[in-house]
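Here the structure is laid out as structure tokens; the discussion comes afterwards.
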Protein chains: 4
Amino acid sequence: MENVIKDPKLAEKGKKRIEWARRHMPVLQKIREEYAAERPLEGVRVVACLHVTVETANLLSTLTAGGAEIAVAGSNPLSTQDDVAAALAEDGMRVYAFHGENDQEYYDCINRALEIRPHVTLDDGADTIATIHRDRPDLAAEILGGCEETTTGVIRLRALADAGKLLYPVIAVNDAETKMMFDNRYGTGQSTIHGIMNATNFLFAGKTVVVGGYGWCGRGLATRARGMGANVIVVEVEPRKALEAAMDGFRVMSMTAAAPLGDLFVTVTGNVSVIREEHVELMKDQAIVANSGHFNVEIDIPALEEMASGVSEVQENVLEYKMADGRRIYLLAEGRLINLAAAYGHPPEVMDMSFANQALSVRYIAENGRRLDRKVYSVPSEIDKRVAALKLAAMGIEIESLTPEQDKYLHSWETGT
Amino acid sequence: MENVIKDPKLAEKGKKRIEWARRHMPVLQKIREEYAAERPLEGVRVVACLHVTVETANLLSTLTAGGAEIAVAGSNPLSTQDDVAAALAEDGMRVYAFHGENDQEYYDCINRALEIRPHVTLDDGADTIATIHRDRPDLAAEILGGCEETTTGVIRLRALADAGKLLYPVIAVNDAETKMMFDNRYGTGQSTIHGIMNATNFLFAGKTVVVGGYGWCGRGLATRARGMGANVIVVEVEPRKALEAAMDGFRVMSMTAAAPLGDLFVTVTGNVSVIREEHVELMKDQAIVANSGHFNVEIDIPALEEMASGVSEVQENVLEYKMADGRRIYLLAEGRLINLAAAYGHPPEVMDMSFANQALSVRYIAENGRRLDRKVYSVPSEIDKRVAALKLAAMGIEIESLTPEQDKYLHSWETGT
Amino acid sequence: MENVIKDPKLAEKGKKRIEWARRHMPVLQKIREEYAAERPLEGVRVVACLHVTVETANLLSTLTAGGAEIAVAGSNPLSTQDDVAAALAEDGMRVYAFHGENDQEYYDCINRALEIRPHVTLDDGADTIATIHRDRPDLAAEILGGCEETTTGVIRLRALADAGKLLYPVIAVNDAETKMMFDNRYGTGQSTIHGIMNATNFLFAGKTVVVGGYGWCGRGLATRARGMGANVIVVEVEPRKALEAAMDGFRVMSMTAAAPLGDLFVTVTGNVSVIREEHVELMKDQAIVANSGHFNVEIDIPALEEMASGVSEVQENVLEYKMADGRRIYLLAEGRLINLAAAYGHPPEVMDMSFANQALSVRYIAENGRRLDRKVYSVPSEIDKRVAALKLAAMGIEIESLTPEQDKYLHSWETGT
Amino acid sequence: MENVIKDPKLAEKGKKRIEWARRHMPVLQKIREEYAAERPLEGVRVVACLHVTVETANLLSTLTAGGAEIAVAGSNPLSTQDDVAAALAEDGMRVYAFHGENDQEYYDCINRALEIRPHVTLDDGADTIATIHRDRPDLAAEILGGCEETTTGVIRLRALADAGKLLYPVIAVNDAETKMMFDNRYGTGQSTIHGIMNATNFLFAGKTVVVGGYGWCGRGLATRARGMGANVIVVEVEPRKALEAAMDGFRVMSMTAAAPLGDLFVTVTGNVSVIREEHVELMKDQAIVANSGHFNVEIDIPALEEMASGVSEVQENVLEYKMADGRRIYLLAEGRLINLAAAYGHPPEVMDMSFANQALSVRYIAENGRRLDRKVYSVPSEIDKRVAALKLAAMGIEIESLTPEQDKYLHSWETGT
């Protein structure tokens with residue numbers, strides 16, 4: 001079965017970059033050594049629909065070290081790093097991914113990957129699972145379980161499970177503390193800033209930045225934007241999160257109220273049409289609009305196109321929409337996740353933890369999948385804690401430990417004032 | 001039955017201050033109006049063992065407005081504001097609380113309060129519930145339920161429940177998002193800084209501050225200490241929290257490693273003997289040690305006393321322990337929670353939310369207590385969300401709302417890349 | 001000549017607190033040892049019109065150690081700490097200062113202090129110098145020079161010098177880097193927050209705080225208010241400072257635009273009528289107004305009084321002005337500097353540097369005053385640098401030093417790309 | 001005379017990017033309109049030795065609009081953006097600059113630019129002026145004056161002036177408040193972070209970052225690194241700056257003490273050999289070393305090369321030096337300024353102010369140069385203030401203005417307590 005990649009000659013460059021990332025993923029490296037010794041995934045077929053980056057390459061080689069057989073598809077048309085795809089292919093994996101796929105090509109790639117008839121599916125946005133449920137339910141019988149990496153994907157899977165239609169158990173890797181609180185917050189926070197700087201060389205100091213969503217990604221992004229000197233406005237629908245944003249010192253308001261104030265708008269909600277015609281109508285000339293949520297639906301791009309009297313590319317990743325009244329609205333990376341489209345995605349140090357959860361969850365599924373129900377599961381807490389402990393060790397940090405007296409105190413009720 | 005208060009003549013001063021706090025507790029005020037109209041607590045006897053502050057006074061008058069009959073004891077020997085106690089007494093409540101109780105007096109006060117034979121107990125540290133379980137189990141039959149306000153108390157109650165010994169249902173008000181994430185973080189954060197400034201006029205800028213614990217209180221305190229210019233070290237036992245502290249830019253290490261570095265040490269762990277002889281041995285001359293956790297057990301004061309060649313009060317709330325080698329260690333407020341002992345405790349704006357949860361939970365117990373098991377319950381999520389929504393309204397903040405399309409999207413799984 | 005103090009019996013309490021501060025003023029302590037050995041101020045008569053605080057007490061005893069004879073008056077009617085005044089009197093200084101002086105008493109105190117016919121005047125707001133110029137020009141002949149501690153005072157003195165009317169040389173201690181950048185920024189920043197918390201128990205998190213002025217004091221206050229969780233608006237007249245505030249992430253606007261947005265307004269401008277009737281008209285119900293600039297002229301209090309239908313004290317340091325339309329505006333500490341009126345003023349650690357500059361400048365005047373012109377002088381740069389080096393040593397900080405190669409490089413022009 | 005550029009076909013891409021920058025440089029745009037109308041530089045020949053970036057292109061076209069004739073050389077071998085060079089050439093300027101010049105080529109380019117016999121020189125690092133002083137003193141007679149953009153260059157020029165050897169007047173554009181406090185702080189701060197992320201995808205959160213130098217660049221970089229979640233150590237030689245860093249909450253120590261602690265080291269001192277063999281000896285395995293100061297002399301690269309048992313490029317802009325003991329030290333961009341070598345340099349919004357000062361200073365020199373001495377001059381304060389006012393207007397910020405009463409107050413001395 002032939003690979004679908006851009007250019008095999010990019011393999012060498014890819015390998016160098018994968019090696020660089022590997023050096024910053026010590027937890028995954030530790031697990032890889034363990035897997036190489038124990039071979040817990042011998043004979044397990046895995047379809048991985050993930051952003052094809054240097055970090056993902058390290059996850060996949062960890063699984064391979066454990067004995068897994070792997071087929072890879074990209075999880076976003078613009079996020080595949082072609083040199084990495086080439087390197088993975090050269091290493092003998094089946095690879096169906098290239099930068100700049102159109103929608104048809106995107107789903108073709110997923111379908112070709114599914115031809116290995118997986119035991120385990122790895123998703124970043126739930127597109128593989130959705131494809132199986134829609135088009136290939138026949139594959140489900142053989143599948144032990146799946147892993148899902150994103151907030152967006154978990155939302156979709158819970159909807160599926162709530163509707164009673166989920167065909168096999170899934171672990172919500174996204175919801176592990178060592179994933180969600182770190183990758184979503186510190187990873188998305190930094191890399192979104194990075195992508196915006198790459199696309200625009202935007203100076204954050206002195207600007208008003210509107211962040212749509214105050215989940216872990218939004219918290220991270222708002223914090224980093226402020227850390228770069230911006231004045232940040234948060235738009236959120238959940239009252240407790242909105243209140244938290246206010247107490248954290250951000251202005252909180254509706255998108256309609258924020259629209260005329262922002263120099264830059266970034267959506268990270270996992271929801272659809274967060275920025276709509278009614279908001280664009282109110283924006284300043286030269287406002288910049290970007291998305292760092294998983295799908296390119298958070299900005300209503302069709303509306304933008306309909307409103308515009310003209311569209312032109314002012315530089316790579318910057319489209320100018322000219323409004324009838326002369327205002328220019330800039331859309332970055334066609335509304336696709338800016339941190340992957342215009343930068344490298346999350347740094348390896350956080351992906352190290354996320355993918356350690358993935359690697360350990362794949363083993364957990366391989367060993368326990370047959371006993372699980374067709375539900376969305378949390379990452380087992382032992383895995384979550386182990387990842388944290390391994391990471392701290394790798395960072396050279398020694399934490400405090402409980403004395404026997406303290407341990408006892410925490411389990412007693414007698415001592416009071 | 002006679003009140004036990006310091007001085008009835010302080011009532012007028014107390015009333016003025018209570019009124020000032022009332023103006024900053026709009027959520028509780030809203031509930032009070034509702035209770036006055038509906039009288040849902042008619043005939044309900046409540047024992048409230050809480051810090052007797054201006055904010056507590058507003059909670060109690062809300063319950064009274066709903067028809068409750070109340071007996072109050074302080075929940076800490078040093079936290080009672082005597083003018084508030086006087087004002088409550090003048091308003092007709094039974095009050096057993098004064099600043100500077102000794103241990104015997106402290107428990108006498110609780111026991112006298114229990115003489116009203118409560119239907120509901122309100123605790124801040126679980127001392128009433130512990131007293132009932134230890135000394136007055138006979139009262140349990142009549143009790144519909146209890147509310148607990150603190151992390152420390154919830155730890156004790158879960159230990160009790162785990163041991164199968166809990167005699168009546170308890171609502172962990174502490175764990176409501178609108179309590180824990182706000183009061184513990186923003187309230188303890190600010191008021192601990194305030195108490196330390198009041199006791200010492202300590203300049204935070206340029207100092208090394210060691211925070212023991214990175215729960216919600218610790219996060220708040222570490223953030224505020226940094227916000228005042230300090231360089232903060234976090235000491236924590238749970239790997240995921242320790243990792244979060246590191247990612248938030250704090251140094252993370254064991255207490256032994258931190259001991260020689262700190263200018264100020266503050267414990268907020270809910271645990272015992274967090275600072276021990278072995279740590280004090282390593283501290284710098286003139287290091288300051290304080291506690292903002294619920295009980296005065298977080299610093300091993302008996303050890304400090306044994307180590308010292310002399311002890312003297314250098315000013316109010318500052319005890320100097322002279323070590324044999326000449327070093328001087330300063331202990332603030334006898335290790336009792338510094339934010340209440342040396343300042344006013346949490347500002348009314350956050351207590352507004354915590355006590356709104358309390359007030360609504362008391363009604364919930366009154367209406368549902370007989371149907372609940374002998375377990376530790378969470379605050380019902382409708383109550384939690386309602387408190388957030390009322391608070392945002394009071395702050396004049398209008399948040400975003402979901403469009404029908406968005407609501408549908410969040411419950412679907414079909415739309416992908 | 002009799003002292004004018006509140007109560008001599010407060011001396012013991014004052015001494016304890018002075019001793020506590022002394023421990024946190026190691027630079028001044030070092031200078032005191034030097035002065036005790038060298039006696040450079042033998043026979044020098046000094047009038048010190050300063051905030052009578054524990055830190056000031058340590059400055060004065062340093063001068064006394066050097067041989068100076070001292071008369072003290074307070075530099076603000078509300079800032080004298082009566083226990084400190086008593087302690088100084090017991091130590092044999094002439095003291096004319098008590099908390100709560102009216103205007104007449106305030107100037108009487110200054111005039112009585114002047115009866116010692118000073119060689120050197122120390123001012124914090126220039127009131128002594130202004131009194132001499134207005135009422136006692138006869139004293140000028142004997143005066144070697146003066147020191148001025150505040151931005152406000154330096155503004156007055158430069159006006160006087162520009163008008164050609166300055167009668168003797170003055171050193172602008174305020175403008176020393178180790179004074180202005182530290183005391184004004186970190187000292188005023190923290191202590192203003194402290195004063196406001198003491199007066200109101202205001203929760204900063206989630207509030208909008210308007211800071212009038214973005215000089216060193218304003219920068220410090222804005223940074224600290226943000227550090228406590230507030231959303232800060234800066235009002236400034238100088239374009240470069242306004243631009244800096246914007247780049248630092250603050251909102252910048254006119255007071256008229258800020259008036260309807262603020263929960264708390266604090267002026268630190270050194271100017272007059274920064275908050276006027278036209279602004280109060282626009283404020284929200286329950287807005288709080290305070291000043292941390294030197295004089296109580298920054299808020300137009302007469303206007304406030306004229307606008308109000310009623311005035312009442314809601315608690316200590318909080319006056320409520322009831323507007324005709326029902327709105328309540330709270331004025332703190334009668335518009336006097338809130339950090340001294342409601343807290344302890346600047347922490348000793350920063351006053352250590354400010355007063356080290358003072359102590360060394362007094363010696364400089366004593367030794368060089370006759371050779372100086374009737375101008376406003378900067379603190380000699382050797383004094384400024386020495387204070388910084390002494391402070392770093394006291395903090396246990398070892399800084400980098402230039403290698404000979406580096407020193408040469410900084411003085412060469414040849415080496416390029 | 002032929003241009004020396006990489007590829008004329010890049011012109012179109014360059015023009016698009018220059019246009020994008022132009023939109024974010026409204027102050028310069030305003031001046032360009034003024035210059036086009038008034039033609040104040042008619043017949044003035046300018047040699048500009050600057051980083052050939054999109055922002056520089058906008059400065060040069062502003063000068064051209066005013067009538068100037070221009071020859072451009074790059075001011076750093078790695079900072080020329082070849083598409084910009086091509087665009088400038090196509091616009092008719094003489095351009096001698098390409099990315100990746102060696103030392104010989106670098107000075108050849110400067111010398112060819114000098115063939116137009118300039119009236120004004122613009123420098124970014126003083127290489128043109130140094131070349132004139134060393135090799136072409138004959139040109140000085142015709143030169144009216146020069147402008148210098150950097151701290152490093154100003155240090156060199158003051159050394160030259162102090163030695164009495166400066167051949168013509170120079171304006172230290174770097175020292176304008178609207179340059180130094182903004183470009184050096186906010187520009188270098190952000191763009192250095194950007195360059196490091198581009199070269200390494202380094203996660204700042206949880207890392208220890210050592211910043212060499214706490215001038216305006218260092219302050220900006222330390223603030224931004226902290227804003228991205230790093231724990232920052234500052235190394236500084238000047239006591240007052242070191243003290244300021246400590247009060248700002250950073251750890252301050254010598255480079256020797258910092259060496260074993262850092263994950264990343266960045267120099268921004270304007271000095272030589274800030275990181276030397278003795279420091280590299282102490283660094284952790286995989287420590288990263290970068291420079292953002294003007295010249296590539298801040299890290300002692302020859303020492304690094306001598307120490308290394310092997311050197312290899314692990315990816316673009318990352319050289320690995322393998323130490324004898326197995327440690328790997330990564331040097332970014334060959335020690336050249338990382339913000340230009342690996343990112344776009346300062347964002348246009350700050351260069352807008354810096355180059356507005358340049359543009360107005362060139363006019364000032366053209367009109368007044370003959371009357372100036374052979375000294376280093378400050379930017380006239382009217383220019384500085386005008387730039388700030390224009391920038392605020394462009395940002396839509398309206399600042400407060402003095403009332404007549406306030407203006408009078410600031411110039412009076414009578415009003416006191």
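First the proteins, then the strands, lettered A, B, ... as listed; each starts at 1. The model shown is predicted, which means the values in this text are computed figures rather than measured ones.
Residues A:D183 and A:S354 approach most closely at OD2-OG, 2.5 Å, considering heavy atoms.
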Subject >> Full working for side chain to side chain donor-acceptor pair (under 3.5 Å) between B:Y107 and B:D135 >> reply: CA-CA 11 Å; B:Y107 281 103; B:D135 305 331; over 6 Å; no
**OP:** May I have the step-by-step check of side chain to side chain donor-acceptor pair (under 3.5 Å) for B:N357 and B:T178, ending in yes or no?
**Re:** CA-CA 8 Å; B:N357 277 293; B:T178 48; 2.9 Å; yes
Subject >> Audit row: A:S378, A:D175, side chain to side chain donor-acceptor pair (under 3.5 Å) steps and yes/no >> reply: CA-CA 7 Å; A:S378 298; A:D175 296 354; 5.8 Å; no
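With a 4.5 Å cut-off on non-hydrogen atoms, B:S273 touches chain A through its backbone and its side chain both. In this structure, chain B has no heavy atom under 4.5 Å from any part of A:R158. Only the side chain of A:T403 has a heavy atom closer than 4.5 Å to any heavy atom of chain B. Using a 4.5 Å cut-off between heavy atoms, A:V274 contacts chain B through both its backbone and its side chain. For B:E238, the parts sitting under 4.5 Å from any heavy atom of chain A are the backbone and the side chain alike. Contacts of B:A130 with chain A are made by both backbone and side-chain atoms, with heavy-atom separations under 4.5 Å. For A:E398, the part lying near chain B is the backbone, with the side chain staying farther off; criterion is any non-hydrogen pair under 4.5 Å. When heavy atoms are compared at a cutoff of 4.5 Å, A:M181 approaches chain B solely by way of its side chain, counted from C-beta outward. Proximity to chain A is limited to the side chain of B:A246, based on heavy atoms less than 4.5 angstrom apart. Neither the backbone nor the side chain of B:R251 comes within contact range of chain A; no heavy atoms are under 4.5 Å apart. In this structure, no portion of A:D162 lies under 4.5 Å from any heavy atom of chain B.
For the options B:V387, B:T152, B:V350, B:D384, heavy-atom pairs under 4.5 Å to chain A are most numerous at B:D384. Interface summary for chain B: among A:M253, A:E236, A:M395, the most heavy-atom pairs under 4.5 angstrom belong to A:E236. Chain A forms the most heavy-atom pairs under 4.5 Å with one residue out of B:E400, B:K385, B:E244, B:R185, and that residue is B:E400.
Qualifying ring-ring contact (aromatic ring centres under 6.0 Å, His included) partners for B:H51, counting only residues two or more places apart in sequence or in other chains: B:H294. Partners of B:L390 according to the side chain to side chain contact (heavy atoms under 4.5 Å, CB included) rule, which considers only residues two or more places apart in sequence or in another chain, are B:V27, B:K30, B:R386.
Salt bridge annotation for B:D127-B:R156: present, with a cationic side-chain nitrogen under 4.0 angstrom from a carboxylate oxygen.
A donor-acceptor contact closer than 3.5 angstrom is absent between the side chains of A:N76 and A:Y106.
Side-chain contact between B:T151 and B:W216 is absent, with no heavy-atom pair separated by less than 4.5 Å.
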